[in-house]
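Data first, discussion second: the structure below is written as structure tokens.
The structure displayed is predicted, hence computed values, not measured ones. Position 1 is the first residue of the sequence; numbering continues from there.
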Amino acid sequence: MKKILVVGATYIDNFGDMLFAKMIADALDEKCEFRYYLLSDFAQNFVGANRISNFDLNVADALVYMPGGFLGDRHDTSLITTWRWFRRYFPIGIKFARMKKPILFLGVGAGPCKYTIMKKIIKYVCKRSQKIIVRESDSQEFLNSIGIKSTVTSDLAQLITDYELPEMNLDFGSKKKFLIHVNQNEVILEKIIPAIRKFYEKHKEEYSLVVASDQRCPNDYKIFDKLNTIAENDVYYYKYTDPMELCKVITKCDTVLTYKLHMGIVSCAYGKSVVAIPEHYKKVERYYKQIGYSERVLPFYLAESDSIYELIEKYHDKPITIPEKVLAAARKNYDELDAFLRTL
């Protein structure tokens with residue numbers, strides 16, 4: 001069997017990246033041997049250690065970049081920070097390019113990229129790849145601007161609804177559920193808590209609150225405690241330990257407030273009403289534009305408590321429906337991966 005090296009953000013425990021790791025593993029299973037370039041214990045346990053090979057990198061037949069925002073800068077970062085980000089993904093790509101081994105970029109995000117040296121690295125690896133599949137047209141436009149051709153699909157995470165979710169005893173009460181996605185950013189917390197307080201005071205007969213993070217977050221219980229104080233003990237807490245469990249939690253909620261891309265995408269896939277206040281505005285705005293819901297996005301750097309409240313108030317009871325053509329485009333990622341494997 002051919003040996004495939006998979007590159008992605010599998011060195012952490014982030015929700016979206018863990019879903020991709022599992023979905024790609026499932027797509028490769030029984031078709032080839034595969035391993036990940038960098039792999040955390042969390043990711044290994046989630047995907048299943050018995051499925052992952054341990055062959056030497058040098059004997060891999062091909063390289064697959066799984067979905068992720070690799071072909072661009074980190075948001076509002078210095079050159080040093082951006083280089084630290086790039087070096088997790090691109091040295092291995094340069095190595096495979098020089099070895100003239102097949103490379104596939106599958107459903108990735110591209111651009112913006114303000115640093116010339118990074119653009120040169122992206123161009124070098126992409127020019128020597130068999131195919132570049134991007135997740136939306138803005139990514140394609142960026143690659144066009146540096147002379148790289150690509151094919152547009154859509155984000156693979158939208159297909160998580162194909163999966164059977166674990167049974168969980170989630171006693172969230174009888175009211176509708178408002179899921180508040182939290183992290184360790186105290187500035188975000190300062191902005192969202194007044195908005196949540198105002199919304200809850202108006203809708204307390206209709207909604208309970210649910211607090212969850214999309215990664216292991218040391219202070220998420222403290223955030224829960226603060227929200228519990230303002231919502232009269234009408235707040236439920238999910239401690240992130242398993243990405244599929246978090247999907248299950250999302251299915252039990254009605255409205256989701258999030259600051260990240262894939263928490264929002266999965267919530268949209270399950271037909272929830274979603275409001276996004278992203279730190280990484282560009283990649284999040286691109287997705288909601290693709291599905292026709294740009295109005296749901298408020299850049300975090302422009303957001304204030306009042307504007308967050310107004311957005312929640314306007315859309316809390318308006319579920320999102322992803323267009324069928326977008327879901328069909330997401331499925332093309334699997335077709336492209338199979339076609340790539342057949343060429344090896």
Next on the checklist: For Y207 and H316: C-alpha separation, side-chain torsions, deciding distance, then whether ring-ring contact (aromatic ring centres under 6.0 Å, His included) applies.
Outcome noted: CA-CA 10 Å; Y207 282 94; H316 70 92; 5.5 Å; yes

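- Salt bridge status for R331 with D162: present, with a side-chain N to carboxylate O gap under 4.0 Å.
- Here the shortest heavy-atom pairing between V256 and K272 reads CG2-CB, 4.3 Å.
- Contact annotation: the side chain of N58 approaches that of K95 to within less than 4.5 Å [non-hydrogen atoms, C-beta and beyond].
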Next on the checklist: Run M18 and F42 through side chain to side chain contact (heavy atoms under 4.5 Å, CB included) and show every step you take.
Outcome noted: CA-CA 9 Å; M18 294 301 96; F42 185 99; 3.8 Å; yes

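- Contact check for K260 versus F15: no side-chain heavy atoms found under the 4.5 Å cut-off.
- One finds the CD atom of E206 at 6.5 Å from the CZ atom of F199 (value rounded to the nearest 0.5 Å).
- Using a distance-only test at 3.5 Å, with no hydrogens or angles considered, a donor-acceptor pair links the side chain of K127 to the main chain of G147.
- Looking only at distances, a side-chain donor or acceptor of Y200 sits under 3.5 Å from a matching main-chain atom of A231.
- Judged purely by distance below 3.5 Å, without hydrogens or angles, the side chains of Q290 and S154 pair a donor atom with an acceptor atom.
- Between the side chain of Q140 and the backbone N or O of S150, at least one donor-acceptor pair lies under 3.5 Å.
- Under the side-chain contact (heavy atoms from CB on, under 4.5 Å) criterion, D171 pairs with no residue at all, not counting sequence neighbours.
- Taking NZ from K177 and OG1 from T251, the interatomic distance works out to 11.0 Å, rounded to the nearest 0.5 Å.
- Interatomic distance, T229 OG1 to R197 CZ, rounded to the nearest 0.5 Å: 9.5 Å.
- Side-chain contact annotation: E136 with S139, donor-acceptor N/O pair under 3.5 Å present.
- Closest heavy-atom contact between E190 and P194: O-CD, 3.1 Å.
- Partners of K204 according to the side chain to side chain donor-acceptor pair (under 3.5 Å) rule, which considers only residues two or more places apart in sequence or in another chain, are E232.
- Judged by the 6.0 Å distance and 45° axis criteria, K131 is not positioned over the aromatic ring of F340.
- Minimum interatomic distance between L63 and I92 (heavy atoms only, all atoms of both residues): CD2-O, 4.1 Å.
- Salt bridge D138/K289: present, at least one basic N to carboxylate O contact under 4.0 Å.
- Within the 4.5 Å cutoff, side-chain heavy atoms of T321 are placed close to those of Y293.
- With rounding to the nearest 0.5 angstrom, the CG atom of L344 is 11.0 Å from the NZ atom of K101.
- Using bins of under 30°, 30° to 60° and over 60° for the plane-to-plane angle, the ring pair F70/Y89 lands in the tilted bin.
- Between atom CG of residue L156 and atom CG of residue L106 there is a gap of 7.0 Å, rounded to the nearest 0.5 Å.
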Item to check | Worked check of side chain to side chain contact (heavy atoms under 4.5 Å, CB included) between I250 and M263 | outcome: CA-CA 9 Å; I250 291 170; M263 191 75 173; 4.1 Å; yes

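- The backbone N or O of A303 sits less than 3.5 Å from a side-chain atom of K191, completing a donor-acceptor pair.
- In this model, a donor atom of one side chain and an acceptor atom of the other lie less than 3.5 Å apart for H262 and D155.
- Open room surrounds NZ on K252; 12 or fewer heavy atoms of other groups in view lie less than 6.0 Å from it.
- When the side chains of ILVMFWY residues are joined at heavy-atom separations under 4.5 Å, either directly or via intervening members, M99 and L104 end up in two distinct hydrophobic clusters.
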Which donor-acceptor pairs under 3.5 Å do the side chains of residues 23-34 make with protein atoms, sequence neighbours left out?
unit_1: D26; atom_1: OD1; unit_2: R51; atom_2: NH1; d: 3.2
unit_1: D26; atom_1: OD1; unit_2: R51; atom_2: NH2; d: 2.5
unit_1: D26; atom_1: OD2; unit_2: Y163; atom_2: OH; d: 2.6
unit_1: D29; atom_1: OD2; unit_2: R51; atom_2: NE; d: 3.1
unit_1: D29; atom_1: OD2; unit_2: R51; atom_2: NH2; d: 2.9
unit_1: K31; atom_1: NZ; unit_2: A27; atom_2: O; d: 3.1
unit_1: K31; atom_1: NZ; unit_2: D338; atom_2: OD1; d: 2.7
unit_1: E33; atom_1: OE1; unit_2: S53; atom_2: OG; d: 3.3

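- Note: K248 NZ to Y238 OH = 12.0 Å, rounded to the nearest 0.5 Å.
- Between T258 and V274, the closest heavy-atom pair is CG2-CG1, 4.1 Å.
- Note on D317 versus K176: no salt bridge recorded, every NZ/NE/NH1/NH2 to OD/OE distance being 4.0 Å or above.
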Checklist entry - Would M244 and F46 count as a side chain to side chain contact (heavy atoms under 4.5 Å, CB included) if you check the C-alpha gap in whole Å, the side-chain angles of each, and the deciding distance to 0.1 Å? => result CA-CA 9 Å; M244 302 307 283; F46 177 60; 3.7 Å; yes

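- In terms of heavy atoms, F142 sits closest to C113 at CZ-CB, 3.6 Å.
- Note: the hydrophobic cluster containing Y124 also contains I146 (ILVMFWY, side chain heavy atoms under 4.5 Å, direct or indirect links).
- With a 4.5 Å cut-off on side-chain heavy atoms, Y270 and I160 count as touching.
- Across all their heavy atoms, D214 and Y240 have their closest contact at O-CZ, 3.7 Å.
- Take E285 and apply the side chain to side chain donor-acceptor pair (under 3.5 Å) test, not counting sequence neighbours, and it matches no residue.
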Item to check | Verdict with supporting geometry, E313 and K202, salt bridge (Lys or Arg N to Asp or Glu O under 4.0 Å) | outcome: CA-CA 10 Å; E313 184 62 40; K202 183 175 180 179; 3.3 Å; yes

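- Ring planes of F90 and F86: parallel class, angle under 30° (limits at 30 and 60°).
- Two residues are said to be in side-chain contact when any heavy atoms from C-beta on lie closer than 4.5 Å; Q158 and Y287 meet this criterion.
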Next on the checklist: Set out, in order, the CA-CA distance, both residues' side-chain angles and the distance that settles side chain to side chain contact (heavy atoms under 4.5 Å, CB included) for I121 and W83, then state yes or no.
Outcome noted: CA-CA 11 Å; I121 293 171; W83 172 245; 3.6 Å; yes

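- Between the side chain of T10 and the backbone N or O of L38 there is at least one donor-acceptor pair closer than 3.5 Å.
- Considering only residues two or more places apart in sequence or on other chains, Y288 meets the side chain to side chain donor-acceptor pair (under 3.5 Å) condition with none of them.
- Using the six-membered ring where Trp is involved, F172 and Y236 have ring planes that are tilted, between 30° and 60° apart.
- A donor-acceptor pair under 3.5 Å is formed between the side chain of Y36 and the backbone N or O of A21.
- C126 is listed as a side-chain neighbour of L71, based on a closest heavy-atom distance under 4.5 Å.
- The environment of K120 atom NZ is sparse: at most 12 non-hydrogen atoms of other residues, nucleotides or ligands sit within 6.0 angstrom.
- Side chains of I196 and L257 form a contact here, defined as non-hydrogen atoms less than 4.5 Å apart.
- Between S213 and Q215, some side-chain heavy-atom pair lies under the 4.5 Å cut-off.
- In this structure, V59 shares a hydrophobic cluster with F55, the cluster being traced through Ile, Leu, Val, Met, Phe, Trp and Tyr side chains under 4.5 angstrom apart.
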